[in-house]
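Have a look at the structure below, then the notes.
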Protein chains: 2
Amino acid sequence: MGILHRDIRSSSDVPLVCRACEARHGGVCAALSPEQLSELSRRSTRHRLDAGTEVVGQGESMERYSNIVRGVVKLTKVMADGRQQIVGLQFAPDFLGRLFLSESAVAAEAATDTEICSFSRGTLDQLVTRTPELGEKLHRQALKELDEARDWMLTLGRKSAQEKVASFLHLIAVNIDPENDSTASFDLPLSRADIADFLGLTIETVSRQFTRLRKENVIRLVNNRQVTVPDMALLTRLAGND
Amino acid sequence: MGILHRDIRSSSDVPLVCRACEARHGGVCAALSPEQLSELSRRSTRHRLDAGTEVVGQGESMERYSNIVRGVVKLTKVMADGRQQIVGLQFAPDFLGRLFLSESAVAAEAATDTEICSFSRGTLDQLVTRTPELGEKLHRQALKELDEARDWMLTLGRKSAQEKVASFLHLIAVNIDPENDSTASFDLPLSRADIADFLGLTIETVSRQFTRLRKENVIRLVNNRQVTVPDMALLTRLAGND
DNA sequence: CGCAGGTTTGAGGTAGATCAATGTCAGTGG
DNA sequence: CCACTGACATTGATCTACCTCAAACCTGCG
């Protein structure tokens, strides 16, 4: 009875919003105790962002951190003359922000309709000092992002246009439709223009590679955004990841 | 007298090799107390690596971590068909290793003659749990490397060959000859082939851009490796960083 | 001297950029 | 219901930056 009671109490300590949160178990929140979770939820606010909404601008000060609850956020860099490069995609339940630095070196923009849960730098700093687990979790994500960035450097520097587009489709398939590994079906979170900026290509080249992959039955397009991949192994091979 | 005595004792607690170490103040060692430093030095070994020596191979297990004491280490990725991309350069006093993962996603190779100070995973893990400062230091370096990787993604994806070579020279100037910011003079740590692999170009294109920059008096070459930059601001502009 | 590794230079080819037109589709309003 | 609009995507024709292939050129070294 005592134990049962404790279970109920401890479960109800987890804030309602968090219990319903799709990002609760994968993200940084997973490192927090129910008490800390309830404290964080009290000090944090939920936001809906329409596709295209900017979260932070390049070089802007970043006084708030966020968790992505739903959707995809793109990280971009722009040169003075307007040339643009997407340097990372973040999926739920990723943490969004740059620890130890108040200026953001990239702009963050919702690529799809997105929900985030955001809180102040101070709130996070407090939680981190009290919970080393949390610091480690953030450290792990940083290293994961570093690995991904370096993978993408190989894609940008050494792959052909077709391999680049295949690599992009592979990346999205793995992150959006991870259940099945022999087949995949998903909605692209990016427009052709965004894909071009992610791959270091032009819109036209991206489009041509899409039609080429379609004609070679590597992908099927139900519309511009919805893609199905009948044979993921084939896509992987075309992406140059052996 | 008492204080003087303490000063001497505490300074002599720092191991001799560490006191003479050029990397002592910038690297992770800076986060350690004299006692911890002496423990680490007891459990670590100094190595000289000739240029070209591999530290770890891509996909190999990495049971040892290192600090770079002197020299430059390149991190590379290779595709199945041999295409290669350098995804990062590490300078003294950087930490070398991938926390939380035993398989390395990249190969690490000494680009120049290099000295490292290496120790086992277990040794570092122990120090990290006892010294949160140290964990934070490593976290900071990971984020710095992430920022650098993303900067380089812009270079790879969106810059012309000339801008790429200028960006490379700028990077080296900043890391090897940081004293002066209006002028620079340094030895290139990489061969033309390595530079090509870093920039996603061919050797020939790199070479042509070098001669072009030389003819336009942006750089002077005393030999293939020694470069002087009379006007760093001009180089910065050519690199597209405004 | 002659050879080897790295670098430069040249001539020609090509993947992807650029420029321009056309197509698709969801709104919106008559 | 159809015409009109605007955002996006596709397709085609041409151009060019960079690649490829090949030869010549250092510079040090047995």
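As the structure is a prediction and not an experimental result, all values here were calculated from the model. All chains are named by letter (A, B, ...) in the order of the sequence lines, taking the proteins before the strands, and each is independently numbered beginning at 1.
Atom CD of B:Q209 is separated from atom P of D:dA17 by 11 Å (rounded to the nearest Å). D:dC19 atom C1' lies 15 Å from atom CG of B:L199, rounded to whole Å. Regarding A:I219, its CD1 atom lies at a distance of 13 Å from the C1' atom of D:dA9, rounded to whole Å.
The backbone N or O of B:D151 lies less than 3.5 Å from no partner atom in the side chain of A:K77, so there is not a single donor-acceptor pair. The main-chain N or O of B:Q58 is never found under 3.5 Å from a side-chain atom of B:S104 such that the two would form a donor-acceptor pair. A:N67 places no side-chain N or O within 3.5 Å of a backbone atom of A:V69 that could act as its donor or acceptor partner.
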At a cut-off of 3.5 Å, list every protein nitrogen or oxygen paired with a nitrogen or oxygen from nucleotides 27-30 of chain D, distance to 0.1 Å.
none

For nucleotides 11-13 of chain D, list the nitrogen or oxygen atoms of the protein found under 3.5 Å from its nitrogen or oxygen atoms, one pair per line.
{"unit_1": "D:dG12", "atom_1": "N7", "unit_2": "A:R208", "atom_2": "NH1", "d": "2.8"}
{"unit_1": "D:dG12", "atom_1": "O6", "unit_2": "A:R208", "atom_2": "NH2", "d": "3.2"}
{"unit_1": "D:dA13", "atom_1": "N6", "unit_2": "A:R208", "atom_2": "NH2", "d": "3.4"}

TODO: Would you check, one step at a time, whether the test side-chain contact (heavy atoms from CB on, under 4.5 Å) holds for B:V87 with B:W152?
DONE: CA-CA 8 Å; B:V87 298; B:W152 211 250; over 6 Å; no

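Counting heavy atoms from C-beta on, the side chains of B:F210 and B:L188 come closer than 4.5 Å. Between A:E204 and A:R208, the closest side-chain pair of non-hydrogen atoms falls below 4.5 Å. At a threshold of 4.5 Å between non-hydrogen side-chain atoms, the residues B:I176 and B:F91 count as touching.
Within 6.0 Å of atom CZ in B:R220, 12 or fewer heavy atoms from other residues, nucleotides or ligands are found, so the atom counts as exposed in its surroundings.
Under the side-chain contact (heavy atoms from CB on, under 4.5 Å) criterion, A:S160 pairs with A:Q162, A:E163, not counting sequence neighbours.
For residues 79-86 of chain A, proximity to DNA chain D is found at no residue, defined as any non-hydrogen atom under 4.0 angstrom from a strand atom. Non-hydrogen atoms lying under 4.0 Å from DNA chain C are contributed by A:S160, A:A161, all within residues 151-161 of chain A.
Here B:R237 does not pair with B:D231 in a salt bridge; the nearest charged N to carboxylate O distance is not below 4.0 Å. We find that B:R121 and B:E63 are not joined by a salt bridge, their nearest charged nitrogen and carboxylate oxygen being 4.0 Å or further apart. Contact check on B:R158 versus A:D197 returns a salt bridge, with a Lys/Arg side-chain nitrogen under 4.0 Å from an Asp/Glu carboxylate oxygen. We find that B:D147 and A:R98 are joined by a salt bridge, their nearest charged nitrogen and carboxylate oxygen being less than 4.0 Å apart.
For DNA chain C, the span of nucleotides reached by chain B at under 4.0 Å from its heavy atoms goes, 5' to 3', from C:dT7 to C:dA11.
Here the CE atom belonging to A:M153 is positioned 11.5 Å from the OG1 atom belonging to B:T76, to the nearest 0.5 angstrom.
The two residues A:R192 and A:V206 have their closest heavy-atom pair at CD-CG1, 4.1 Å.
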